[in-house]
Amino acid sequence: MICTLGDVLLDVIVALDGPVEEDTDTYGKTRVGTGGQAANVAAWTVALGGAARLLARRAVDPVGELLTRDLERRGVEVCGPVSEGPTGTVVSIAAPDGRRSMLTDRGVSLDFEPDAFDPAWVDGCQWLHVSAYSLVASPLRETALLAAQTARASGTEISLDLASTGAFRRRAGVEQLRDAARTLLPDLVFANEAEVEEFGEIGARAFVIKRGERGCTIREDGESRDYDAVPAELVDSTGAGDAFAAGFLLCGPELGVSAAGRCVATMGAMP
């Protein structure tokens, strides 16, 4: 069982045919579905043969109910409080070269307060996977740290995905991430090369650097090991890091790079 903590969002993927043209139409393909880093990792975990439990605050609006049903249909156990307010939305704009930009409104996700956390939600989990998005602002940050403390006390290992340079540079500050990570005490950290450059190698037993089409590097116990990416036609890179994390936590880097290759060959973040 892998437990993920973070967001459930409406994911709007826009794959552009060419550069955005101002004051007129720009054509492309769109896909709408369930998203949010924690939701993506949970769904990929199940798709790859594991069991997943997602902890998140969700809205009781029609979109929130639809996303919850979709996750449950995929086999994800969904836990956490529900409340009035809007479901968050992330618009991911994929350029023809595979690069992407995300426009994010996290809705009620950030309002997951520690008093609403049930310690039973982390019972029986081998991993608690925390997105650094969950460390950006209160009260979700305090809930993530409480969940990690509770999970560690029962022998669960903690993984952290550094997630976003922009979220911390603009919203919280790099030092706040480092402070929260020191409190979280992750056993395993995932980061892409931009995040490593921004934050450094935040201390953990193992540090995994995601290098896109160049695979990944694992640094552990003073040693470094490289793994090649699985060749795949790039359609949309949205969610590839989440697929990689799910595979890695389940069975290691080989399944991680295989899942990432499978993800980039399709449009959208979900399996």
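Heavy atoms only: backbone and side chains are in, while hydrogens, waters and symmetry mates are out. In this chain, residues are counted from 1 in sequence order.
- Between T87 and D61, the closest heavy-atom pair is OG1-OD1, 2.7 Å.
- Judged by distance alone, with hydrogens and angles left aside, the side-chain atoms of R31 form no donor-acceptor pair with the main-chain N or O of A15 at under 3.5 Å.
- Note: the hydrophobic cluster containing W44 also contains L255 (ILVMFWY, side chain heavy atoms under 4.5 Å, direct or indirect links).
- Between atom CG of residue D23 and atom CD of residue E21 there is a gap of 10.5 Å, rounded to the nearest 0.5 Å.
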For Y133 and T104: C-alpha separation, side-chain torsions, deciding distance, then whether side-chain contact (heavy atoms from CB on, under 4.5 Å) applies.
CA-CA 11 Å; Y133 285 118; T104 305; 5.8 Å; no
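- Hydrophobic clustering (side-chain heavy atoms under 4.5 Å, transitive across Ile, Leu, Val, Met, Phe, Trp, Tyr) groups L67 together with V76.
- Between V12 and T89, the closest heavy-atom pair is CG2-CG2, 4.1 Å.
- Atom CD of Q149 is surrounded by 12 or fewer heavy atoms from other residues, nucleotides or ligands within 6.0 Å.
- Around the CD atom of E142, the shell of radius 6.0 Å holds more than 12 heavy atoms that belong to other residues, nucleotides or ligands.
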With side-chain contact (heavy atoms from CB on, under 4.5 Å) as the criterion, how do V122 and L5 come out once you've worked through the C-alpha distance, each side chain's angles and the decisive distance to 0.1 Å?
CA-CA 10 Å; V122 294; L5 186 147; over 6 Å; no
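- In this structure, C216 and V257 approach most closely via the heavy-atom pair SG-CG1, 4.2 Å.
- When side chains are defined from C-beta on, F190 counts as touching L249, because their heavy atoms get closer than 4.5 Å.
- Considering only heavy atoms from C-beta on, T143 stays 4.5 Å or farther from L55 through its side chain.
- Hydrophobic clustering of Ile, Leu, Val, Met, Phe, Trp and Tyr side chains at less than 4.5 Å, counting indirect connections, unites L16 with V32.
- In this structure, the side chain of R58 does not engage the main chain of G64 through any donor-acceptor pair within 3.5 Å.
- Between the side chains of H129 and T4, no donor-acceptor pair is found at a separation under 3.5 Å.
- Proximity of a side-chain donor or acceptor of E65 to a complementary backbone N or O of P62 within less than 3.5 Å is not detected.
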Can you check side-chain contact (heavy atoms from CB on, under 4.5 Å) on V14 and V91, steps first, answer last?
CA-CA 7 Å; V14 182; V91 179; 4.3 Å; yes
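- In this structure, T68 and V8 have side chains that are not in contact, with every pair of non-hydrogen atoms separated by 4.5 Å or more.
- Of the N and O atoms on the side chains of D161 and S131, not one donor lies less than 3.5 Å from an acceptor on the other residue.
- In summary, of the residues considered (D226, T217, D228), a side-chain hydrogen bond (donor to acceptor under 3.5 Å, both in side chains) with R211 occurs for T217 alone.
- Closest heavy-atom contact between M1 and G124: CB-O, 3.6 Å.
- Across S134 and R106, no two heavy atoms sit closer than the pair N-NH2, 4.0 Å.
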Let's go through R205 and E220 carefully: what are the C-alpha distance in whole Å and the side-chain angles of both, what is the deciding distance for side-chain contact (heavy atoms from CB on, under 4.5 Å) to 0.1 Å, and is it a yes or a no?
CA-CA 6 Å; R205 172 176 53 80; E220 184 175 12; 3.1 Å; yes
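- In the hydrophobic cluster analysis, where Ile, Leu, Val, Met, Phe, Trp and Tyr join through side-chain heavy atoms closer than 4.5 angstrom, F244 is grouped together with V230.
- With contacts defined as side-chain heavy-atom distances shorter than 4.5 Å, the pair R74/V46 does not qualify.
- Under the 3.5 Å distance criterion, the side-chain polar atoms of N192 are matched with a main-chain donor or acceptor of A194.
- For N40 against A269, the heavy-atom pair with the smallest separation is ND2-CB, 3.6 Å.
- Side-chain atoms of D187 come within 3.5 Å of backbone N or O of I158 as a donor-acceptor pair.
- The aromatic rings of F117 and W121 sit perpendicular, their planes meeting at an angle over 60°, well past the 30° parallel limit.
- Following chains of ILVMFWY side-chain contacts shorter than 4.5 Å, one can reach L145 starting from L110, so the two form part of one hydrophobic cluster.
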